[in-house]
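Report on one structure; see the data block that follows.
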Amino acid sequence: MVKRGITNEELAKRLSELGSTESSSGVRNKINRGTFSAAFLNQCLFVMGCDTFEIDAPLNMAAEKAEVYKDLKIKVKNS
């Protein structure tokens with residue numbers, strides 16, 4: 001968001017065009033807490049103009065059992 005110059009208010013406005021009823025404070029809270037679904041992440045990336053992203057982390061969560069990946073890095077690529 002910072003790199004693209006998008007505020008919480010702008011993100012909420014763009015999400016509302018997809019039918020979301022999330023307020024700017026709701027968006028801010030979700031992002032600050034880090035408690036949001038993959039669907040919400042996907043919607044945010046879409047409305048910010050991102051069409052691909054890479055996750056640099058192990059995907060075999062079963063082997064780690066409930067291990068939380070604190071250093072999960074998401075790389076967003078622009079087309």
Side-chain angles (χ1 to χ4, degrees):
M1 288 174 57
V2 171
K3 286 184 178 183
R4 293 173 182 270
I6 297 173
T7 64
N8 292 318
E9 291 78 16
E10 178 63 24
L11 183 59
K13 178 182 172 191
R14 292 181 185 193
L15 288 170
S16 72
E17 294 170 2
L18 292 179
S20 172
T21 58
E22 196 73 53
S23 67
S24 62
S25 60
V27 168
R28 182 189 67 241
N29 289 338
K30 278 185 177 185
I31 293 170
N32 288 342
R33 283 192 315 263
T35 55
F36 49 82
S37 67
F40 178 77
L41 173 63
N42 189 44
Q43 290 173 336
C44 291
L45 291 172
F46 177 77
V47 299
M48 288 190 296
C50 301
D51 57 6
T52 60
F53 69 95
E54 296 177 10
I55 298 176
D56 184 22
L59 295 178
N60 187 357
M61 299 282 287
E64 298 295 325
K65 296 195 178 175
E67 176 66 26
V68 176
Y69 291 97
K70 295 177 183 171
D71 297 325
L72 181 67
K73 297 176 185 170
I74 298 175
K75 299 175 186 173
V76 177
K77 292 183 178 180
N78 298 321
S79 303

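Atoms considered below: every heavy atom in the structure, side chains included; atoms not considered: hydrogens, waters and symmetry mates. Only a predicted model underlies this, so the values are computations on that prediction, with no experimental measurement involved.
The SG atom of Cys44 sits 9.5 Å away from atom CG of Leu18, with the distance rounded to the nearest 0.5 Å. To the nearest 0.5 Å, atoms OG1 (Thr7) and CZ (Arg28) are separated by 11.5 Å. Note that the OG1 atom of Thr35 and the CZ atom of Phe40 stand 9.5 Å from one another [nearest 0.5 Å]. Separation of atoms OG (Ser23) and CD (Glu9) is listed at 9.5 Å; rounding is to 0.5 Å.
A donor-acceptor distance shorter than 3.5 angstrom exists from the side chain of Asn29 to the backbone of Ser25, with no hydrogens or angles considered.
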Salt bridge (Lys or Arg N to Asp or Glu O under 4.0 Å) assessment of Arg14 paired with Glu10: CA-CA 6 Å; Arg14 292 181 185 193; Glu10 178 63 24; 2.8 Å; yes
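At most 12 heavy atoms of other shown residues, nucleotides or ligands fall within 6.0 angstrom of atom NZ in Lys13.
At a threshold of 4.5 Å between non-hydrogen side-chain atoms, the residues Ile6 and Val47 do not count as touching.
Contact detail for Phe36 and Ile31: the closest heavy-atom pair is CE2-CA, 4.1 Å.
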